[in-house]
Amino acid sequence: MHFEIDDEFIAKQNEKRRIEVAADYDYLAGKLRRKNIDIENLTDKAEAFRVAVPSWGVGTGGTRFARFPLPGEPRDVYEKLEDCATVFKLVRSTPAVSLHIPWDKPGDPAELRKFARERGLHFDAMNSNTFQDQRGQKLSYKFGSLTHPDPGVRRQAVEHNIECIEIGKLLGSKALTVWIADGGNFPGQMHSRRALEWYLESMQVIYKALPDNWRVFLEHKLYEPAFYSTVINDWGTSYYCARELGPKALCLVDLGHHAPNVNIEMIVARLIQFGKLAGFHFNDSKYGDDDLDAGSIKPFQLFLIFNELVDAELSSVPDFDPAYMLDQSHNVTDPLESLMMSAAELNRAYLQAHLVDRQELAEAQEKCDPLKALSLLKQAFTTDVAPILAIARERSGGAIDPIDTFRASGYRHRKAEERPSAHRISAGIV
Ligand code: LRH
Ligand code: MN
């Protein structure tokens, strides 16, 4: 039998907190009413907010130095879905799971789809992997994949991406995310212009394999694992390629894939304006692609990104339908707790962005009153919307306090009993 946290247990845990959170909610309702803001409207938005979780995010992550596995970690894609279902059960905003191929290659896609559906889950964008060599793989990706000088390697990488689309079609996915590690560690190692030509040539074949209702997300990254040059290194290159490929190609923004202090919210505004924003891999970072928990280091930046997204949503930008996903590496926390905390942090930033008085902001911008403009944003950012997030979870059948409820359930301990694993000292992100 596989242990699951049941609704009755969640209700009991909520019972302990209901009076307190209801009081906080009513107090906040009063504060917002004075600003002619209806709290119920915000709670509906919080209940409707959705973010996908990465299958590779429910296991412990690591670095090149070490990975410290947790007892009860998922050992296959089914156990990963069990854990994704537990996160969804408690926070109610994460019914979609993004798979990575071949890490999650299903033996029987129909069976996996049924297993997911029985747990209220469905599949978001598929992720291809031409940044590692698989056992028995003919040609190595050591020196690149879609941009490798050897057309045989490029063809192998193209075929892998098309295989990801075929698997995704059977799972009900509607998008493919393509991140390639292609780049060089030494000046002169790659011919930059030729490499980009090969990238476009390869992507055109992948693009042609997309079903009509699918999208392909191009994910740029400044560096790592290549440490001198990266072929798809910034949003400009990604944007150029997405335009060259066609309307189904869009640019995905992974927050950790930019140099420190880059103004990511402006990149978001540009991609929205150019009609090429695919969506996000949300996480946070202090230095490099640290894949830390979203909102844990730069919560104001996360708010400013959602400020651009909500501004676009409210001004009904055509075809504005960004995909929200977490992409994190949980090296020192329980991955499920980090995913629940991060999902709540995104929902918080989204709600706070809806608290910005956009008419007053437009006037302040019109009148060149920067301090007024900033204070309007800060007012929204410093409004504690936690009671709304808690009530929204409870109304959707989730936990008022997901992490405390998760800990009280003993889930991790039960999974450690159910999933005896041969812990091997290892390194790397998964
Ligand atoms: C690359 C990346 C990409 C995934 C990988 C797990 O850094 O962000 O999105 O394929 O992490
Ligand atoms: Mn990513």
Side-chain angles (χ1 to χ4, degrees), residues 51-64 67 74 77 80 84 96-105 123-134 141 144-146 157 160-161 163-165 167-168 173 175-183 206 215-227 230-235 237-238 250-259 262 264 267-268 271 277-294 302 305 322-331 335 338-339 342 346 426-430:
V51 57
V53 293
S55 62
W56 60 95
V58 289
T60 302
T63 70
R64 60 184 165 161
R67 189 177 82 89
V77 66
K80 289 178 184 177
C84 291
V97 178
S98 193
L99 297 183
H100 220 298
I101 306 294
W103 297 339
D104 306 315
K105 190 170 179 180
F123 294 105
D124 199 89
M126 304 296 289
N127 294 269
S128 59
N129 177 342
T130 58
F131 52 84
Q132 293 172 325
D133 288 344
Q134 306 305 322
Y141 294 132
S145 62
L146 299 177
H160 165 69
N161 279 278
E163 183 199 9
C164 292
I165 294 170
I167 295 170
S173 173
L176 170 70
T177 295
V178 180
W179 169 69
I180 57 170
D182 296 29
I206 296 168
R215 303 184 292 175
V216 62
F217 301 161
L218 313 183
E219 185 177 2
H220 61 273
K221 182 173 182 178
L222 181 64
Y223 78 101
E224 189 209 41
F227 292 107
T230 292
V231 179
I232 309 302
N233 64 326
D234 65 12
W235 77 275
T237 306
S238 178
L250 303 163
C251 306
L252 185 136
V253 178
D254 183 312
L255 274 55
H257 289 189
H258 304 86
V262 161
I264 299 175
I267 294 173
V268 171
L271 289 171
L277 178 65
F280 297 85
H281 282 180
F282 287 112
N283 48 55
D284 212 334
S285 51
K286 184 94 178 135
Y287 305 102
D289 185 21
D290 310 339
D291 280 340
L292 300 172
D293 295 8
L302 186 63
I305 289 169
Y324 297 160
M325 202 188 88
L326 292 166
D327 180 4
Q328 301 176 174
S329 179
H330 308 117
N331 303 353
S338 278
L339 287 171
S342 302
L346 298 184
S426 66
I429 62 171
V430 287

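Order of listing sets the numbers, starting from 1, for every ligand and every atom in it. The shown structure was predicted, so the numbers you read here are calculated from the model rather than taken from an experiment.
- Less than 4.0 angstrom separates some heavy atom of Trp56 from each of these atoms of ligand 1: 6 (C).
- An angle of 170° is found at the Mn ion (ligand 2) between Asp327 atom OD2 and Glu219 atom OE2, rounded to 10°.
- The side chain to side chain contact (heavy atoms under 4.5 Å, CB included) with His330 is formed by just one residue from the set Asp293, Thr60, Asp291; it is Asp293.
- Between the side chain of Asn127 and the backbone N or O of Leu99 there is at least one donor-acceptor pair closer than 3.5 Å.
- When atom types are taken as modelled, the side chain of Asp133 and the backbone of Tyr141 share a donor-acceptor pair closer than 3.5 angstrom.
- Closest approach of Leu339 to Val53, counting heavy atoms only: CD2-CG1, 4.4 Å.
- Between His281 and ligand 1, a contact under 3.5 Å exists for at least one N or O pair.
- Polar contact check, Asp291 against ligand 1: no nitrogen or oxygen pair lies under 3.5 Å apart.
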Query - Verdict with reasoning, Asp254 to Lys221, per salt bridge (Lys or Arg N to Asp or Glu O under 4.0 Å) - result: CA-CA 8 Å; Asp254 183 312; Lys221 182 173 182 178; over 6 Å; no
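- At a heavy-atom cutoff of 4.0 Å, ligand 1 is contacted by the side chain of Asp289 but not by its backbone.
- At a cut-off of 2.8 Å, Asp291 is not counted among the residues with an N, O or S atom near the Mn ion (ligand 2).
- Listed by number with element, the atoms of ligand 1 under 4.0 angstrom from any heavy atom of Glu219 are 2 (C), 3 (C), 8 (O), 9 (O).
- Asp254 has its closest N, O or S atom to the Mn ion (ligand 2) at the position named OD2.
- To the nearest 0.5 Å, atom CG of residue Asn129 and atom OG1 of residue Thr177 are 13.0 Å apart.
- Residue Asp254 has at least one nitrogen or oxygen atom sitting less than 3.5 Å from a nitrogen or oxygen atom of ligand 1, judged on distance alone.
- Taking the Mn ion (ligand 2) as reference, the nearest N/O/S atom within His281 carries the name ND1.
- Residue Asn127 places every heavy atom at 4.0 Å or more from ligand 1.
- Between Phe227 and Tyr223, the angle of the ring planes lies from 30° to 60°, which puts this pair in the tilted group.
- Remark: ligand 1 and Ser128 share no N or O pair separated by less than 3.5 Å (distance only, no angle test).
- The OG1 atom of Thr230 sits 10.0 Å away from the NE2 atom of His257 when rounded to the nearest 0.5 Å.
- Between Trp179 and Phe131, the two ring planes are tilted [angle within 30° to 60°].
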Query - Worked verdict on Gln328 versus Ser338 for side chain to side chain donor-acceptor pair (under 3.5 Å) - result: CA-CA 9 Å; Gln328 301 176 174; Ser338 278; 5.5 Å; no
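- Proximity annotation for atom 2 (C) of ligand 1: of Asn129, Asp327, Ile180, Asp327 comes nearest, heavy atoms only.
- Residue His100 places a heavy atom less than 4.0 Å from ligand 1.
- Backbone or side-chain N, O or S atoms of His257 do not reach the Mn ion (ligand 2) at under 2.8 Å.
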